[in-house]
Every structure is written in C-alpha cells, then in structure tokens.
Amino acid sequence: MKKGFVENGFIIDLSNTKNTTQLVFELSSVMEHPEVKGKKVCLKLGNQDLKQSQLLSIKALIESMDAEMAFIDTTSEQTEASAVSLGVIISKLDNDIEVASYTASDCEIQEEAVEVKEETPELINDEEKSVEVHAELDNEIQEPISTLEGIEDTYTEETTQEISEVIPIEHFETEFEMLAVNEGLISNEDISKYIILDTGDVLPEGIEENSVDTKTLPTLYLSQTLRSGQTVNYEGNILIIGDAHPGSEIIADGDITVWGILGGIAHAGAKGNITSKVRALKLNAIQLRIAGLYARRNDTLNVPYVQKTNEFTPEEAQIEDGKIVIYKKLRRD
Amino acid sequence: MTGRVIVITSGKGGVGKTTTSANIGTALAKEGYKVVLIDTDLGLRNLDLLLGLENRIVYTIVDVIEERCKLKQALVKDKKNPNLQLLAAAQTRDKSAVSAEQLKEICDTLKEQNDFVLVDCPAGIEQGFQNAVAGASEAIVVTTPEMSAIRDADRIIGLLGPKEEITSVKLLLNRVRPSLIKTNEMMSVDDVAEILEIPLVGIIPEDTGIITSTNKGDPIVNSEDALAGKAYRNVAQRILGEEVPFLDLDEPKGFVEKIKNVFAKLKAKV
C-alpha cells in the first residue's frame, strides 16, 4: 500500500449530506471561503450516488473558485463509474485523524496534508525528487521461523520492486512533517527514505568515459569499524566488513559494500561512474551519493547515532534514469 | 548591512556552547533577523546535529576555504526558518585546516549579508579558539556554576581582553539549578557574576528538555513552554538591546505549597 501526500490540499467531508442539493450547498459554502483559491480539493462523498453530469458540475464549481479537484473518495458504485468516465481520480482517504479532515460546515479551512492511499501521479510535485522503497515486507512472514529445521536464506533479485518517484514537498516537510508525525499521519515505513538534494552543479565531468564496469576495478578490503571523522578514499571498489558510523565518509570510484550498518556518508562512483552501487546489510546512510546525485536521509528517519540491530534488510542503491533507486533484498520463504 | 559577529566560547568543554549557539541563533532568526551560524569545531562538529541538519551538509567551511565551492553553496538553510543558515565544520579534518585570517575573511563576507553571524567556538584555548574569535567583535562566554568551568571562563575572558576588535564580552550562565543554590550546594548566579566581573546576558536553568531537543535536532527555543527555551529567547532579546528581567528560576512548587504561600501572604497582609 502506497501513501502519498497532496501539497496545498484539503479534504471536504460531504459524506453526511443527504442529497445532491444539500451536497452542492455545503460544498459551495466551503468554497466561498477566500482561502480556498489555488488549493487542491479532495472530496469525501460517502455513499452519495452521483451521475456523470452531476459530478461534472461539482468539478466545474470547484474550478470556478480557482481551486482544483484532486480526487474523490466514494463508496457508491455509480459515483465511481461517473468518476472513471470523467477521468476523475478516485482514492481512499485515510483520515481517521480528526485534524486532517474538515466537515462541510467547518468553514475554517487550513492548509493540510492529505493522506492518499493510492498514489496519484498527477499530484506529484516535481520540486524535489526522492526515492521510496516499495516492498511488501514481513506481511507474509508472520510465523516465526524455527531455527531447528535449518533455514535456507535465499535472497533473490526477483522479489525486489522498483521504486517510483515520490511526492515529498519541501513545503510539507518544513511545516507539516513533524506535525504529521506527531499526529500519526505518517508511519515511518511508508515515507520515502531518501530525498534528492539539490546541489547545483556538482555533477562531475566526463561521466560517460568514467562509467566502466565496476567489476573491472580493484577492490579495497577493510575489516574494521569506521568511526566518526574517519574517511576511506579509494580508486576502486571498497568493501568494509564492519559498521560505518555516522560522521564517517566512504568515497570510492566504484562500488561501496558495507557488510554491516552503513550510517555515514557513502559516495560511490565519486569520479562520475554512474554504474556504481552502494550496498549494505542495513542501508542507513545519512547521505547517499552516487556519481553526481546526492540524496539525504529523510528527516523523520534522521537518527543521529548508529542504530545497532540484529535485523538486517540488505539494500542496494544505484542510479536508474537519473534517479537513485534502492532495491530491497527480500527473503523468500 | 553590517551585521554583528558574536563568538560563543567557554574554554571548558561540555558547558553548552553549541547548545547556546543553536538556541540563540534560532531565537534571533525567529525574530526575523538573518542569522548565520558558523561551526568552527573542526573534526568534532555538533552544531549540525543540534539543528537536525546533518543530512543536508554537502560542503563545509574547509571546502569554502580550499575553494571547492562558493560560500553561498556551503550555507545550509534551517528546516524551519529560512532566516537561519549554517556553515558546517568539516568532520574529517582538524583545526589546522583553517587559519585565523581565513575565518575572519568568511566572517567579514557573511556580516555584509546578515544581521548576525554567530561563531560556535571549540573548547580549549589553542588554534581553534584563536580562529573562532578572529572575526568577532563581540563575545559571549558560556560557563556553568562549577569551579572548573568558572576558572576556564576566567582564563578565556583574560585572553579576550587584549583583543581590540572585541568590544563586548558578556557572560551566559548555563545549567543553573536553583534547588542546589538554595541548599548552598551550587554557587549562586551573583557569586559567579561577582567572580568573573562581566555583565550577564543570560541565566539558563538546567532542563532535561535540552537532552530530548538535542536528540531530535530541534533547539529548545522552538518549544514554547520549556523554561530553558524561554531563557534563551530572553538572551536573544537582550542581544537585541531590550531590557528583559532575568527569569525567576524557582522550580514550580506543588499545589499544597502554593496554597500555603497564598495563606502566608494573606496572613502577612492581615
């Protein structure tokens, strides 16, 4: 299940209205508020049956107020059909937290983050690209594994899924992120782990020539814990058996592999090799850098110390189509 | 615009220089002033952690000095307040990577574009300290009511004295515990001020909230009800030239005691 956020949007809850007339009346009373201008409106329609023409006029009403209809939430089949034919996005709202929803009679409208269960790509604000891990983990693995029977740990590439671009919005982050977390709006697993940093013109020159297969590069093998302030720099691949604590830096021309917890900064392909990868038993780098792409860890996951753990989910980060993509290795039972 | 360059120093480590820098910087930025915080503690940087900005740092002060980036690129904007910017220290280098002249140059450039430049000084009186004070025209000496911290503060004040560029040296007394002062287990504010003979700019009570705010990367001035936060906001006001009375640090009493007090006052009136 993916979750997204709509910037600059709010929910209007119309699910309590009894008929279309009442619905339109309630909606227009909310829409008259000057603050609605330029916002994205998400309608909660409940079980109201709306014909295509009715939905169209509602959409027109919203647009006449200089607002935009982001999506609707409905339980009615007819409304759903109308929405599909009109190309209106249907989504499931998960607003059991009271602050996030406003009833129609509630005239005070505030900017609020809206939680959407289905991703609505149209709403993605491209200001800041980011990386999210999509993997249905643990849901299937509910039964404890008996250690007596001998477990075969198979990690397979096939079960990994690609990460799509995500949604975080600078605006939301600064003002609402903490609020949202406090209100339980975001659960940590569902938000993007890394957010691309805008570093301007840091992209090293001569990318193409440098992008040789990293397998052909020599590898530095280190068996130690990297502590804060320690830097490893090597013109090839780096393999570290141990943890890399926050404050440490690993800079390699090729791949970086940490057999342990990666908590510091990792820069793979530092001279511009875009085929380089960063992999770790626990990928928790404060910053992930591959060639000229820099990503910072999301603030909500920003724990300033190394979190020791016995549970590892090996992950691998690489560049695909100009984005940093993280693959999670899943255990196949 | 010519801003004020204030160095926050102490001599002794662990008395709260970095916490003070982060909080005063945040408080001034909240007042609408443009503030740059410079972390000069090369190799042992912490200011970014206290502000929760570690994950945003790409360039550091050493990159600026060694001309790998422009000064503007190295300034990291605060998450909450765009008026506040951080120039981080390099974690993987040591104090010798920077010279006093270079730091002065950076301070001079930054004060042209900002109202305040706050320099977080490393502990000690060596190169790092000399670097940090180089560009400053004012100093805030942080100390705690302990003999060792006071001795080191005294030493620092002595070192700041002959520096002509520094026109004002003020004292910030940190981690004060009124309950211990009452029982004579801790030196009182007056005692410390008397020993050090410089004007007080603030008294900050010991507050467990500082620990959580440090861990969260969110300075305590951002929490409205914390006493330490209020004390730091007052310090900012005093830096701005306002006359703010010092906080009554008596710990909040229990309900019964409050009632007793009321009765005592009534009796006195009668």
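In this structure, B:Gln91 and A:Ile265 have side chains that are not in contact, with every pair of non-hydrogen atoms separated by 4.5 Å or more. Looking only at side-chain heavy atoms (C-beta outward), A:Asp299 and B:Arg56 come within less than 4.5 Å of each other.
For B:Glu105, the CD atom counts as loosely surrounded, since its 6.0 Å shell holds 12 or fewer non-hydrogen atoms of other residues, nucleotides or ligands. Heavy atoms from other residues, nucleotides or ligands lying under 6.0 Å from NZ of B:Lys104 number 12 at most. The neighbour count for B:Arg233 CZ, taken as heavy atoms of other residues, nucleotides or ligands under 6.0 Å away, is above 12. Atom CZ of B:Arg68 has more than 12 heavy atoms from other residues, nucleotides or ligands within 6.0 Å. More than 12 heavy-atom neighbours from other residues, nucleotides or ligands sit within 6.0 angstrom of CD on B:Glu66. Shown here is B:Glu67, whose CD atom has no more than 12 heavy atoms of other residues, nucleotides or ligands within 6.0 Å.
Residue contact with chain B, scored on non-hydrogen atoms closer than 4.5 Å, involves the backbone and the side chain of A:Ser228 alike.
Side-chain N or O atoms of A:Glu249 include none that pairs as donor or acceptor with a backbone N or O of B:Thr92 at under 3.5 Å.
The two residues A:Gly247 and B:Glu54 come nearest to each other via the heavy atoms N-OE2, 4.0 Å. Residues B:Ile57 and A:Gln287 share a closest heavy-atom pair of O-NE2, 2.6 Å. The nearest pair of heavy atoms linking B:Asn55 to A:Arg296 is O-CB, 2.9 Å.
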